[in-house]
Structure formats: structure tokens, C-alpha cells
Amino acid sequence: MPLLNANALNALIEALRRLPGVGVKSASRMAFHLLQHDRQGAQLLAQALQQAATQVRHCSLCHTFTEDEVCATCRDPQRDRSKLCVVETPADQAAVERTAAFKGLYFVLMGKLSPLDGIGPKDIGLSKLFDRATDGVVQEVILATNFTAEGEATAHVIAEALKARGLKVTRLARGVPAGSELEYVDLGTIAHALVDRR
């Protein structure tokens, strides 16, 4: 959709600025590169964006991105249906999947609680999560929200609600990164590692 009173180049720059972490300079560099050096790439990018915007939707079970009604992970009969990992975004889900350490199912919140930004429990679909977690099959809910203030608050709200429903709730462990030396690790990480030691 073209911007009012803007030529095509300015419209492209403004569109690229919508990406996270992309300012005017970066957006301008990208736009000039595509138009000057890679017109075919620009066409491919435009087609891919259009196709993704029209075909990608949310999985009816876990809420992640998919082109089908139910995503491939939720359809996979090899997954452990007794474990449900709750993440904030599809990118977080992909990160957990890359570890190959988790074989259960997921629920993607598509956000986190942030009262200052006006994002409450209804905005991230907590009622849908609670329905999924209490389906009689799930035995453990693993909270894998980020270790930010909002992620911690989100995990706390979910944990309290699910524990009240009689479910086992666990939280990702946190601590000293593998291969690091203690003298270079921040004090908060060391403190959490001591508290969560096993």
C-alpha cells in the first residue's frame, strides 16, 4: 500500500524501517542496495513477503506460524504429548527445537505480559494456553519465557494459574554459560546459578 505524498523509494525505506532494529540509515542502505545491485532479489523479496503474509497463519493448537490448520510439530506422532513448553515467540520455539533436547509439544504466546504497554492476559491468549494445558494429556508445563522482567512476570502468572489447576509446572534453569569463567560472569547470573544449583 503506497504511502501518501511519498515516492516509491521513500515508501520502500519507510517499509523497511518497520523491521526491528532498522533505522533510517540501515533502511536506506538496504533500499539502495536492492535497487542498485539486486533488482531480481528485490522482486523475490516482494513475492516472498506477499506469499508469507497471505498464506502463513497460526496453528490452531499451539499458535505458532504454519501454512496448515495444525503445524507439523503438533501433528508429529513421535512427540511427547505429556510435556508442553511455553515460549514467547516462534523464534524462541525454533531456538529450543535447534537444541534437539526437547521432544514434547509447544504453546507459543506471541508476546509477554507488559502492563505498561497495555498487554494483559487476554492479549497473549492465556485462556487458550490454560485450555490446552488442562486437556488431560499434558502432565508438565515447562515455562521457557525469556529472563526479562516481562518474561519473568509472564512465567509467574502462568505458573500460579496452572499450579492452582493441579499441574506440574517447571521453569527453564539459568546459570553460568558453558565454557565461561566465573570471574567474567555477571553477578546476577552467578547468584541465580547458586540458587538453582543441583
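Keep in mind the model is a prediction, meaning the values are calculated, not measured. The first residue of the sequence shown is numbered 1, and numbering continues consecutively from there.
- Leu182 shares a hydrophobic cluster with Val176, Val185, Ile190, Leu194; the chain of contacts runs through ILVMFWY side chains whose heavy atoms sit under 4.5 Å apart.
- Here Thr189 pairs with Asp186 under the side-chain hydrogen bond (donor to acceptor under 3.5 Å, both in side chains) rule; sequence neighbours left out.
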Can you give each donor-acceptor pair under 3.5 Å made by side-chain atoms of residues 43-50, sequence neighbours left out, with the distance rounded to 0.1 Å?
none

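- In the hydrophobic clustering, Leu61 connects to Val70, either directly or through intervening members, whenever side-chain heavy atoms lie under 4.5 Å apart.
- Residues that satisfy the ring pair (Phe, Tyr, Trp, His ring centres under 6.0 Å) test with His192, not counting sequence neighbours, are absent from this structure.
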If you look only at distance, which donor and acceptor atoms sit under 3.5 Å apart when one is on a side chain in residues 119-129 and the other is two or more places apart or in another chain?
residue	atom	partner	partner atom	Å
Asp123	OD2	Gly120	N	2.8
Lys128	NZ	Ser60	O	3.2

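- With sequence neighbours left out, the side-chain hydrogen bond (donor to acceptor under 3.5 Å, both in side chains) criterion links Thr170 to Glu140.
- For Asp117, the side-chain hydrogen bond (donor to acceptor under 3.5 Å, both in side chains) test picks out Ser114, with sequence neighbours left out.
- For Phe102, the ring pair (Phe, Tyr, Trp, His ring centres under 6.0 Å) test picks out Tyr106, with sequence neighbours left out.
- Under the salt bridge (charged side-chain N to carboxylate O under 4.0 Å, His left out) criterion, the residue pairs touching residues 145-156 are Glu152-Arg171, Glu152-Arg174, with sequence neighbours excluded.
- The side-chain hydrogen bond (donor to acceptor under 3.5 Å, both in side chains) test applied to Thr73 returns no partner, not counting sequence neighbours.
- Within the model, atoms OG1 of Thr66 and CZ of Arg75 stand 6.5 Å from one another, a figure rounded to the nearest 0.5 Å.
- With sequence neighbours excluded, no residue forms a ring pair (Phe, Tyr, Trp, His ring centres under 6.0 Å) with Phe130.
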